[in-house]
Structure formats: C-alpha cells, structure tokens
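Only a predicted model underlies this, so the values are computations on that prediction, with no experimental measurement involved. Note that the numbering runs from 1 along the sequence shown for the chain. These values consider heavy atoms only, across backbone and side chains, with no hydrogens, waters or symmetry-generated copies. In each ligand, atom 1 is the first atom listed, and ligand 1 is the first ligand listed.
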Amino acid sequence: MINFKTEISKKISKVIDIDDKEINSYLEIPKDETMGEYALPCFRLAKELRKSPQNIAEEIKEKLEIDNDSFIEKIENVGGYLNFYIKQDILVKNILEKVDTQKEKYGSSTIGNGKNIVIDYSSPNIAKPFHVGHLRTTVIGAALYNIYKYLGYNVIGINHLGDWGTQFGKIIEGYKRWKDEYDIESDPINELTKIYVRINAACKEDETILEECRNTFKKLENGDEYCQQIWEKFRDLSLKEFQKVYDLLGSKFDSWNGEAFYKDKCKEVIDKLEEKGVLKESDGARIVDLQEKGINTPCIIEKTNGSTTYATRDIAAILYRARTYNFDKAIYVTSYEQTLHFKQIFEVAKLLGLDEKYTNNLIHVPFGMVHLKSGKISTRDGNIIKLEDLLNESIQRAKVIIEEKNPNLENKEDVAKKVGVGAVIFNDLSNSRIKDEIFDWDIILNFQGETGPYVQYTYVRTNSILSSIDKIPTYNEIKVEKLLDKHSIKVLKTINQFNDVLINATEKNEPSFVARYLIELAQNFSSFYNENKIIVEDNDTKNARVYLTKIVGQVLKQGAELLGIEMPERM
Ligand code: ARG
C-alpha cells in the first residue's frame with residue numbers, strides 16, 4: 001500500500017531541502033476534483049525560501065521528474081498551488097487495498113495508543129430539569145468519546161453531576177416545609193423545581209429564611225444525617241429520571257463522580273492557593289484575582305459563609321483527574337455561557353503549580369444555544385421541555401412517516417426509535433458546534449435533507465442492494481478498471497478520507513466534521529447509484545459496483561455509530 005501523501009512529501013522534500021514532515025502538514029486535498037488528489041499551497045513556503053509562491057511551484061515542478069513507474073500522472077502549477085494527479089488505477093487499487101486490510105475496523109487508528117483523554121460531558125444538575133443544553137453536551141461528548149476511542153485513545157467519560165452547592169440548602173429547606181403539597185415521587189424533577197422556585201421567592205421576601213437555607217447547607221456539608229438522607233433521595237430520584245434520557249440516547253459513562261465527590265478535596269486546593277500566596281480576602285469571601293491574566297472577574301474560591309463554589313470543586317477535579325487518569329487532554333463540553341468559568345479555573349490550576357503537561361491540555365469545548373421553532377414542540381407545564389418527551393415525540397413522528405412510506409415493515413417500533421433518536425442526534429451534530437441550533441421537526445426528519453434519516457436511508461439502500469445478490473464478491477475478485485468512472489472514483493476518494501476526517505474531528509473537537517462527511521458520502525453514493533446501474537450483465541462490472549456499495553454501507557454505518565446513531569437494517 002502506498003501512502004501518497006507521505007511519498008509526495010518526501011519527493012518534494014528532496015528537491016527543496018525542507019523537512020518532509022513540514023511539507024506533509026501543508027499538503028491539502030483540493031476541493032475541486034479537477035485539481036488532482038493533493039495540492040501544495042506554495043505560499044506556505046514563501047517566507048522560508050524567500051521566493052514567490054509562483055516561483056516555488058515552478059521550481060519544484062521542474063525538479064520533480066516523473067518516471068514512468070511513478071504513481072504520479074502529472075503535476076500542475078495553478079497560481080502557486082502545485083497540484084498532484086495520481087494515476088487513477090493505482091489510486092483506486094490503493095484505496096480498496098486499504099479498506100480490505102483494515103476490514104471492519106476501517107478508518108480506525110493506533111495514533112491514540114498510550115494517551116489518556118478525559119471527557120467531561122452531560123453533567124446535568126440534580127433536582128433540576130435536564131434541559132436542551134444538556135442534550136447537546138451529552139450528544140457532542142458521546143460522539144467525541146467514540147471517535148477518540150476509535151483512534152486508539154484510552155478515553156474516560158465523566159458525568160460531572162451538579163449534585164452539590166448552596167442550592168441544596170434551599171431545596172432541602174423547601175422540601176421540609178412543603179413536601180406534602182407536592183407529588184415528588186411521581187414527577188421528581190418538575191416538582192422539586194417548583195419547590196426551588198417557591199423557596200427562592202420566599203428567601204427574597206424574608207432574610208431569615210435565606211439564613212436558614214444557608215445553615216441547612218452547612219449542616220449538609222457537615223454530614224447531618226437528615227439532610228444527607230434527603231439529598232441522597234433527590235439524587236437517586238433525579239438519576240432515575242436522567243437515566244430515561246440516557247437509555248434513549250444510549251449514553252454511557254465511566255465515572256459518575258459529580259461535584260459532591262470533591263467536597264472533601266477542596267481543602268487541598270484552598271491550602272495550596274494559600275501557600276502560593278494567591279488567595280485574597282474580598283468582602284469576607286476568598287478569591288483569586290486573575291487581572292494579570294487578562295481576566296477581569298476574580299475566581300471565588302470560598303464564599304463569605306465558608307462554603308466552596310462550583311469553581312473550587314472544578315479545580316479540585318482537575319487535580320484529581322491529573323492524578324487519577326494522567327490525562328493527555330481533559331475536555332469539558334458545555335454551552336459557551338460557561339467560557340469565563342473555564343478560563344478562570346484553568347488559570348487557577350496553573351497557579352496551583354500543577355505540571356504544564358496538564359495545564360496546557362485543559363480544553364473547553366463550547367457549543368451554541370438551541371432555538372426552538374415555536375409551536376412545533378409540545379411542551380408540558382409551560383416552558384420546560386422534558387427531553388424524554390422530546391425524544392419520544394421524535395420517535396412518534398418517525399413512526400408516522402415510516403407507517404406512510406413502508407406500512408409492511410417489520411420491527412417498526414425499533415426502526416422508529418433508531419430514526420427518531422438518530423434524527424435528533426444528527427441535527428445536533430450537523431453544524432459546527434458553536435453555531436446556534438434551530439430545532440425544527442420538518443427539517444430534522446426530512447428523509448431527503450442533510451439529515452440523520454437521509455444517512456440511514458442511504459445505508460438501508462446499500463443494504464437492500466446487497467441482499468439481492470447471491471454472493472458478495474471479495475476484494476480479490478475486484479477488477480480495478482471497472483471503477484475508474486467519475487462517480488465511482490468520487491465515492492472511493494470520499495471513503496479514502498474517513499480516517500483523516502476522524503483525526504481532524506479530534507484535533508478541533510468537532511464531531512460535525514464527521515456528520516458533514518457522512519452527508520457527502522451519502523450524496524456521492526446517490527450520484528453513483530443514479531448514474532451507474534449496479535446489477536448489470538457484465539459480471540466484473542457488477543462485482544466491482546456491488547463491492548463499492550458494500551464498503552459505502554460499512555463506512556456509513558461505522559461513521560453513524562461513532563456519532564451515537566444506530567442504523568436500522570431496513571426502513
Ligand atoms: N452542571 C453544569 C451545568 O449544568 C455543567 C458541568 C460541566 N462540567 C464541569 N466540570 N464544570 O451547567
């Protein structure tokens with residue numbers, strides 16, 4: 001097998017005396033397919049070589065003599081871009097060989113071996129609704145988790161539950177007062193939310209109630225049995241509710257250590273900061289001033305009443321994760337609203353004297369808001385949309401569509417679940433994460449759009465083609481020359497990019513690269529399918545096209561699974 005990129009880099013390196021690794025990092029895959037397979041943007045070398053991109057391109061081109069045995073067909077200089085055209089039969093053979101070598105692990109890699117990636121995602125708050133923002137972190141986090149893993153990394157998925165903080169003083173106090181008025185067992189989160197809203201209002205009216213709530217949290221912190229019991233009850237009830245969503249999405253975590261886990265680990269943080277002389281008094285609270293780091297808001301480490309904060313617990317978690325997981329990257333997936341928080345805690349972690357190996361690899365992965373196209377999602381009691389309801393509604397809607405398109409389908413329930421949930425996940429991942437997301441049923445569930453159901457539908461099409469064939473050919477039976485038409489090559493080139501796309505997705509922590517890739521592959525396959533009859537007289541042509549169909553299906557399925565989307569076999 002030839003790694004064209006590496007080989008081209010080496011060839012160029014030889015004639016211009018620049019390290020081939022550097023050249024390799026500049027080589028691009030041209031968007032326009034008439035521009036060849038690889039392009040060197042020579043402006044990248046202009047500074048180093050003190051020549052114009054145009055001259056550099058000409059010079060390299062002249063010096064690179066192509067012998068007949070080379071895999072290179074031709075080299076062209078287009079405006080300072082040096083385009084390399086690979087001989088198409090060699091290219092196709094090479095791609096097929098690569099797919100065959102890796103088999104069902106195609107696209108995977110060992111680049112992550114020996115490296116630990118911690119991903120903090122989902123992390124909803126106990127006794128509060130699991131809202132749409134939490135759906136996004138759950139879905140983005142899970143996709144990153146799967147992609148890193150597929151590239152050979154050791155990945156640790158952490159659900160950093162919001163299960164500690166002064167608000168629990170309030171909820172416990174409210175519960176003590178009014179528990180008989182609310183049906184907490186049957187609808188825990190909504191009922192506890194109501195209590196929380198009510199006690200907050202009461203605190204505003206009456207300082208003494210607020211004081212009581214503070215004391216209650218103190219008691220909880222000090223391990224008071226009654227408070228502890230109620231807290232555990234809220235935690236259990238909430239987790240049971242969250243689990244319904246996790247079951248629908250197929251979410252799994254390696255650790256459920258939430259904020260409460262760090263309650264006895266904050267002292268070390270405070271002591272260390274004190275020792276380093278960076279802890280300051282401010283209105284009775286203790287803070288770290290970060291002005292010198294260009295952050296105007298100080299990080300509050302200890303409140304006036306001596307309680308720790310969300311930030312303190314997160315800093316303790318950084319220490320813990322560095323020690324426990326020896327991470328190469330620690331990733332936090334939350335909405336962009338928490339950007340300041342993460343800037344603060346990452347800076348404070350540096351002040352703690354933690355090794356740079358860790359502090360340089362703390363990564364906040366922010367995402368945008370979700371806007372609901374109004375009136376389209378049914379809501380229960382006002383504004384709070386239960387995610388479980390949302391996913392179930394998607395499943396129901398998918399079922400209606402399937403019922404209409406394919407009334408005789410077996411396992412309709414199962415297919416509707418895969419399509420409904422897959423549609424929501426894909427919608428979440430299909431645009432760059434920082435963009436706000438518009439939630440619109442008509443778009444999400446459109447089988448023809450750039451959607452999850454479209455990718456699933458394309459996969460199902462590959463499947464039904466294969467099931468009409470007696471014997472699916474193996475790699476050795478394929479005649480490369482039968483796959484040299486424009487459409488086949490386009491599909492094959494897309495297949496060839498799978499691993500690069502996954503690597504890019506981890507470099508930018510951007511699962512949307514994979515989602516866009518799947519759309520492109522599905523669309524290219526559709527063009528191939530529309531232009532080329534698959535079941536034809538000529539056996540070699542048929543075999544080649546069937547084989548191509550098979551590997552398209554394989555990559556679509558693998559890619560979708562990495563995003564957390566299940567593929568139905570029929571739909
Ligand atoms: N519980 C937080 C929230 O719902 C998210 C926690 C994110 N993770 C972290 N380590 N701070 O907003």
Which residue supplies the protein heavy atom nearest to atom 8 (N) of ligand 1, what is that atom called, and how far is it?
Asp120 OD1, 3.0 Å
Establish, from distance only, whether the side-chain atoms of Asn431 and Glu437 form a donor-acceptor pair under 3.5 Å.
no
Can you tell me if His134 contacts ligand 1 (heavy atom of the residue under 4.0 Å from the ligand)?
yes
For Tyr175, ring-ring contact (aromatic ring centres under 6.0 Å, His included) partners two or more places apart
Phe234
Please could you name the atoms of ligand 1 that Thr334 approaches to less than 4.0 Å, counting only its heavy atoms?
7 (C)
Can you list everything that forms a ring-ring contact (aromatic ring centres under 6.0 Å, His included) with Tyr121? Sequence neighbours excluded, please.
Phe253
Is the shortest heavy-atom distance from the side chain of Gln291 to the side chain of Ile295 under 4.5 Å?
no
If the plane angle is over 60° it's perpendicular, under 30° parallel, otherwise tilted; pick one for Tyr246 and Trp256.
perpendicular
Would you check whether Tyr310 reaches within less than 4.0 Å of ligand 1, judged by its heavy atoms?
yes
Ligand 1 to Tyr332, heavy atom cutoff 4.0 Å, flagged ligand atoms 10 (N)
Heavy atoms only, cut-off 4.0 Å: how does Phe342 contact ligand 1, side chain, backbone, both, or neither?
side chain
Polar atom proximity, Glu259 to ligand 1 (N or O, under 3.5 Å):
no
If only atom types and distance count, is the side chain of Tyr459 paired as donor or acceptor with the main-chain N or O of Val555 below 3.5 Å?
no
Ring geometry between Phe342 and Tyr332 (parallel below 30°, tilted from 30 to 60°, perpendicular above 60°)
tilted
Heavy-atom nearest neighbour in the protein, as seen from atom 12 (O) of ligand 1, with distance rounded to 0.1 Å
Gln338 NE2, 2.8 Å
Heavy-atom nearest option to atom 1 (N) of ligand 1, drawn from Ile318, Asn159, Asn125
Asn125
